[in-house]
Amino acid sequence: MAQMKNVSNWKDVESVPESYVFPSEKRPGVPVKMTIPVLDFDTHDQALLFQKILNITQEFRFLQVINHGVSKELINETMKILKEFHAMSLEDKERECSKDPDKSCKFYTSSQYYDNEQTHNWREALTFKCHPLDKYVHFWPEKPPKFGEVVEAYCVEMRNFACKILEVISEGLGLGRDYFENEMSENPLLTINHYPPCPNPSLTLGLFPHCDPDLITISFQDVNGLQVFKDGQWIDVDPIDDSLLINFGYVLEVISNGKLKATEHRVVTNSKTSRQSLNYLVFPGNDVTIEPAKSLIDEANPPQYRSIKCNVFMTEYFPMSRDRDVVIKYLASTNLNECLK
Ligand SMILES: O=C(O)CCC(=O)C(=O)O
Ligand SMILES: [Fe+2]
């Protein structure tokens, strides 16, 4: 059965297995092309930077950032080592990711809820906690050689960049410089998605539509496939060289009381080449209460979302339908049973 799950072993499969065929209304269709403006991060004018972030995300939902300060060589090396990881045998990958009984490092096909999915995603993923590094690195894969060295350096750079952009956002929202420091961003996760070539991309999705359940996600992709939902249409987010992509998650939407909305996105497959994305997801600590920031609330701006403990949201988000309307209703409502139906 494990072999059946592993799409990367399906190089010789000529047709898509039935459990990976999405119902017709959810299939990719024809995407719309649109150029997402580029955000140059190399500036000292933080207020202007925030204004640009607001303008771009309100219209295009994703930020495409250049001059982000993360070394191009390090990104390339990280991509290379992770491609080597994904090229290993299923047995090796599973063994390398099973060192922590608390599962801070996992390898899986489709999603972590494979057995409960109606349709599977055409992907496999490696995900692990990465802060503080010395708490988690010994649970990471040790193969291929240099995995730890390269990925540790990448996580340090990602954390630096995440702190910078969160500082711009918190200042811009009027929350002060350090609102997202410490426990608000203490639980980052690196997820590496691998999407093997698919014999019939018109029937499948690499990843179903969803918004991330975090503060922000910083991603790198070298092959097209990511799409964003905008004004009722799916738009291709084609990467430009060396840029990092940023999207907002539900936690930021709640804290900003809806000023910064979580971005609905999905991934389509292709028949020619495999695709890999590096995704650095910034989560608060488990015990943090997620709620609209008090300073953003007054009579004219009542809270749009309720207070919820981060670990409660995470436990209930993953088994929930990923439909944005369902999750928003859950976050806005006080009646849990009603939402989880
Ligand atoms: O693979 C991608 O480009 C996006 C991945 C993604 O959306 C996720 O892992 O949450
Ligand atoms: Fe995502």
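First listed ligand is number 1; within each ligand, the first listed atom is number 1. Heavy atoms only: backbone and side chains are in, while hydrogens, waters and symmetry mates are out. Positions are given from 1, in the same order as the sequence printed here.
- Within 6.0 Å of atom CD in E299, 12 or fewer heavy atoms from other residues, nucleotides or ligands are found, so the atom counts as exposed in its surroundings.
- Close contacts of ligand 1 with Y195, meaning ligand atoms under 4.0 Å from a residue heavy atom, involve 1 (O), 2 (C), 5 (C).
- Of all the atoms in ligand 1, the ones that sit under 4.0 Å from a non-hydrogen atom of R275 are 1 (O), 2 (C), 3 (O).
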Note to self: Could you go through H265 and D212, starting from their C-alpha distance and side-chain angles, then the distance that decides it, and tell me whether this counts as side-chain hydrogen bond (donor to acceptor under 3.5 Å, both in side chains)?
What the structure shows: CA-CA 9 Å; H265 54 286; D212 296 343; 3.2 Å; yes
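- Near L207, the atoms of ligand 1 lying under 4.0 angstrom from a non-hydrogen atom of the residue are 5 (C), 6 (C), 7 (O), 8 (C), 9 (O).
- With respect to D102 and K129, no salt bridge is recorded, no charged nitrogen being found less than 4.0 Å from a carboxylate O.
- Protein nitrogen, oxygen and sulfur atoms, that is N, O or S, within less than 2.8 Å of the Fe ion (ligand 2) amount to 3.
- Between E253 and R324, at least one side-chain nitrogen of the basic residue sits less than 4.0 Å from a carboxylate oxygen of the acidic one, meeting the salt-bridge criterion.
- Heavy-atom separations between H210 and ligand 1 include at least one value shorter than 4.0 Å.
- Rounding to the nearest 0.5 angstrom, the gap separating the CG atom in L207 from the OH atom in Y195 is 4.5 Å.
- Closest approach of P199 and W122 over heavy atoms only: CD-CZ2, 3.7 Å.
- Taking distance alone, with nitrogen or oxygen atoms compared against 3.5 Å, S277 approaches ligand 1 more closely than that limit.
- For D236, the side chain to side chain contact (heavy atoms under 4.5 Å, CB included) partners are P31, K33, Q227, D238, not counting sequence neighbours.
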Checklist line | Audit row: F161, Y280, ring pair (Phe, Tyr, Trp, His ring centres under 6.0 Å) steps and yes/no | finding: CA-CA 11 Å; F161 180 55; Y280 185 81; 9.6 Å; no
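- Taking only non-hydrogen atoms, the option from N247, T127, N193, D212 nearest to atom 5 (C) of ligand 1 is N193.
- Protein heavy atom at the shortest distance from atom 4 (C) of ligand 1 is V267 CG2, 3.7 Å.
- Minimum interatomic distance between C310 and G285 (heavy atoms only, all atoms of both residues): CB-O, 3.3 Å.
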